[in-house]
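A short worksheet on the structure shown next.
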Protein chains: 2
Amino acid sequence: MSIPAITPPQRLLMGPGPISADPRVLRAMSAGLVGQFDPAMTTWMTQTMELYREVLRTRNEATLLVDGTSRAGIEAALVSLLEPGDRVLVPIMGRFGHLLVEIAERCGAEVHTIGTDWGTVFTPEQIEEAVGRVRPRLVALVQGDTSTTMNQPLEGLGEICARHDALLYVDVTASLGGNTFAMDEWGVDAATAGLQKCLAGPSGSAPLSLSPRAREVVLSRRHVEAGIADGTPGRGTRIRSNYFDLAMILDYWGEARLNHHTEATSMLYAAHECARLLVEEGMDAAVARHHLHGRAMAAGAQGLGLRLFGDQEHRMNNVLAVHIPEGVDGDAARTALLEDYGIEIGTSFGPLHGKVWRIGTMGYNARKDAVLLTLAALEQVLRAGGVPVTGGGGVGAAQEVYADAAGAATEAAR
Amino acid sequence: MSIPAITPPQRLLMGPGPISADPRVLRAMSAGLVGQFDPAMTTWMTQTMELYREVLRTRNEATLLVDGTSRAGIEAALVSLLEPGDRVLVPIMGRFGHLLVEIAERCGAEVHTIGTDWGTVFTPEQIEEAVGRVRPRLVALVQGDTSTTMNQPLEGLGEICARHDALLYVDVTASLGGNTFAMDEWGVDAATAGLQKCLAGPSGSAPLSLSPRAREVVLSRRHVEAGIADGTPGRGTRIRSNYFDLAMILDYWGEARLNHHTEATSMLYAAHECARLLVEEGMDAAVARHHLHGRAMAAGAQGLGLRLFGDQEHRMNNVLAVHIPEGVDGDAARTALLEDYGIEIGTSFGPLHGKVWRIGTMGYNARKDAVLLTLAALEQVLRAGGVPVTGGGGVGAAQEVYADAAGAATEAAR
């Protein structure tokens, strides 16, 4: 067997994520390793906690990384907060709501759901009605669900949950960095993310934060491993997972520095750099950037005659879905885009499968050249597929958005 | 807040792991990303499966990566194989045996243990006696436990387990690549590893393999996620974790390519390169390299007057423990080694805490210059700590081992 080293083909990843990582993040991962309790390492862990507090807009002490992909973060939050038999309410607006149900069920929770059509979001009233009826210990929902491109408004939900004595968990994997998320202001008790969307990194590390209230719930179930026990007796119902036991992970990231897993050092380097770049840019500026390039892509898609899917008032800045034109083989067109132009856009799941494409403008690829290249190539692929398109219709419409934004900026600077 | 980019200090990591990664592995991680179902990506996934079959010496189809650190691999194997109430036997010879107990208990298993003094291993007879008495569904043990440096012989255990209708799980995290492991020949049903030891990579990806028998057990509990359900009804007791559900992870790595997590692409690049380098070297050659440098380090330590800990007949090739000399503050000496020479050696856990140092020669650092530099610096630190040492005693003894080995090689080549 002779297998060559990996030499990736050139790809511009304009799907719903993962997207092309920022070259600075990739370079960060090639730095040499240090030991897991080296003073340099613990300094970077502490910096990483500070950086993600800024990214999540929180003062939560309990802000750290879970070593796994974004769904590892979700499972760590849910398995550590939920005990078997706990009631959970999941408002489902897309595929990742189903994932929360699935994970909460495996934690042994009694899961209740409410639904809304794909492409729409919930009103606070709908959620409050369900909370009052179900009386859950935890409300779990997704802020931005790439399967539908919707961005669930979260203002007011923390207050509703607090009033009904429920914890509020939000999965911000797809939305964070590209859409406003204000953890403390909105009263969110637990939030988890990933690097592979607007954070411009590779999948494999899951930033997580717990409010003081959520941290208390987790610590009330603290059981130190026998192999390193410090004599403190365990308390509460043991968390069902060792790897995702946030009480132990907090001891590892906190002052105690009790050994748990061996931190995934290179992924920590990546996560540190992702957050550092966002904080350097400023969270508001990052959201504004995603808003601009998302608008340009949407205008460009419409300029190519494509119809947008879903409630545009509540669409995430960083991803849009367009109806696949009548008569076009969606997968064949995506393959042509990939093979001939090196550009990837996304297919879709569930009720939207085969009906829409999903196009992202996020992280490092929330850039003008990425938007214009994608529109230029898509125009060619649509034309080759027999769709009547106006030459330059996509790129032209996007350029107008950029020109207007530049004009407005000049105006504002006067 | 202004936090600079991570620029690691120079470190030679000669502890029990993580160790300094091979620069080729670090470079592999800085390659650009591709989409998770890009034909290039699925090709690399298939290659990664092939490579780890070679590394683990198995023909198991079900050979893949779990996205997390080595204990993520352990938990994925145990939670997918064990149902609540199942009886498990764990022979404990060090800290990581306790970890297996801890994880199996959280899976709801009924855990039975046998023990042996730290620094010794079990005989097959001891294990067979316990298997006959406990009649477990699964026997779980560690091949190489860095906490004691012991390497548990595994020959014959698969046969014992098969005879008693038990599955055999082995954690090879610390041993794989540096000590012989022959999964199929030894009848091992499930094995998991990590990259941060003899595989010369960073922590964060866990190679895992299941025998056909273990795969059947996992598939008998297959439940596809609601969000992507293919109509196949779920069967058996649902696996308690979504993230670690090997039935779903097999669907992701297999022909079905059903979406589960988003593969940690950069860590897959690392895992691919780690295995590729080992296979290129040859597994026997890699073990021989670890044997040589481990012997040189052991001779050098003795040349410095240090006493080795544990049964040397059953020590792993890649790590040794030495008694901290009377009157020396072990942690202060380690700090001096780190701060003045940039070299890290390990402290220890449990009954050995404060009594021994652990010194590794593994992966990229199973190298002559790494061994000699460590011995040269350790000599200085011991002398500064008031220990009477013969100048050049450590380096000289190691050089003799190298000279003998070179002589033997020349002899053999004649």
Side-chain angles (χ1 to χ4, degrees), chain A residues 1 3 5-6 8-9 11 13 15 18 20-21 26-36 40 44 47 50-51 54 67-69 71-72 75 95 98-99 101-103 106 196 202-204 225-228 238 240-243 261-267 269 272-273 276 279 344 349-350, chain B residues 1 3 5-6 8-9 11 13 15 18 20-21 26-36 40 44 47 50-51 54 67-69 71-72 75 95 98-99 101-103 106 196 202-204 225-228 238 240-243 261-267 269 272-273 276 279 344 349-350:
Chain A
M1 173 171 47
I3 288 180
I6 287 177
R11 291 287 187 253
L13 303 180
S20 321
L26 295 177
R27 278 201 300 272
M29 275 189 293
S30 66
L33 304 184
V34 302
Q36 67 172 326
W44 300 327
Q47 288 178 354
E50 284 174 37
L51 286 164
E54 190 104 352
D67 284 8
T69 72
R71 77 167 61 195
E75 189 159 321
R95 181 193 162 189
H98 287 291
L99 178 61
V101 171
E102 152 94 21
I103 295 175
R106 295 200 190 207
Q196 74 276 18
S203 170
E225 264 174 54
I228 53 166
R238 209 171 187 186
R240 273 190 174 187
S241 166
N242 171 292
Y243 193 68
H261 59 285
T262 296
E263 184 59 16
T265 315
S266 305
M267 285 307 305
Y269 291 178
H272 182 283
E273 186 66 3
R276 211 180 64 79
V279 167
E344 181 181 274
F349 296 110
Chain B
M1 171 170 50
I3 289 178
I6 287 176
R11 291 287 186 254
L13 303 180
S20 321
L26 294 178
R27 277 201 300 273
M29 276 189 292
S30 67
L33 304 184
V34 303
Q36 69 172 324
W44 300 327
Q47 288 178 353
E50 284 174 37
L51 286 164
E54 190 105 352
D67 284 8
T69 71
R71 77 167 60 195
E75 188 160 322
R95 181 194 162 191
H98 287 291
L99 178 62
V101 171
E102 151 94 22
I103 294 175
R106 295 200 190 207
Q196 74 277 15
S203 169
E225 265 173 52
I228 53 165
R238 210 172 187 184
R240 272 191 174 187
S241 167
N242 171 293
Y243 193 69
H261 59 285
T262 296
E263 184 58 17
T265 315
S266 304
M267 285 307 307
Y269 291 178
H272 182 283
E273 186 68 2
R276 211 180 64 80
V279 168
E344 182 181 275
F349 296 110

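Throughout, a chain's letter reflects where its sequence line sits, starting with A, and its residues are numbered from 1.
Not one N or O on the side chain of B:Thr262 forms a donor-acceptor pair closer than 3.5 Å with the backbone of A:Ser203. Formation of a donor-acceptor pair under 3.5 Å by the B:Glu75 side chain with backbone atoms of A:Asn242 is found in this model. Side chain of A:Tyr243 to main chain of B:Thr69: a donor-acceptor pair is present (N/O by atom type, distance under 3.5 Å, no hydrogens or angles).
In this structure, chain A has no heavy atom under 4.5 Å from any part of B:Ala28. Looking at B:Val34, the atoms closer than 4.5 Å to chain A (heavy atoms on both sides) sit in the backbone and in the side chain alike. For a residue to count as touching a neighbouring chain, one of its non-hydrogen atoms must lie under 4.5 Å from one of that chain's; by this rule B:Glu344 touches chain A with the side chain only. Contacts of B:Arg240 with chain A are made by both backbone and side-chain atoms, with heavy-atom separations under 4.5 Å. Contact annotation for B:Met267: only side-chain heavy atoms (C-beta onward) come within less than 4.5 Å of a heavy atom of chain A. Residue A:Glu50 touches chain B through both its backbone and its side chain, counting heavy-atom pairs closer than 4.5 Å. For chain B, the nearby part of A:Thr265 is the backbone; its heavy atoms alone come within less than 4.5 Å.
Summarising the geometry of B:Leu13 relative to A:Gly35, their closest heavy-atom pair is CD2-N, 3.6 Å, with the distance given to 0.1 Å. Contact record, A:Ser266 with B:Pro202: OG-CB, 3.2 Å, taken as the closest heavy-atom pair. In terms of heavy-atom proximity, A:Pro8 sits nearest to B:Trp44 at CA-CH2, 3.6 Å.
Taken from CD in B:Glu102 to CZ in A:Arg238, the straight-line distance is 4.5 Å, to the nearest 0.5 Å. A:Arg11 contributes atom CZ, which lies 12.0 Å from atom CG of B:Leu33 (distance to the nearest 0.5 angstrom). B:Ser30 contributes atom OG, which lies 7.5 Å from atom CE of A:Met29 (distance to the nearest 0.5 angstrom). Of the inter-residue distances, the one linking B:His272 atom NE2 with A:Ile3 atom CD1 reads 5.5 Å to the nearest 0.5 angstrom.
Considering only heavy-atom pairs separated by less than 4.5 Å from chain B, the leading option among A:Ala5, A:Ala40, A:Gly68 is A:Ala5. Ranked by heavy-atom pairs shorter than 4.5 Å toward chain B, the options A:Ser20, A:Ala72, A:Pro9 are led by A:Ala72.
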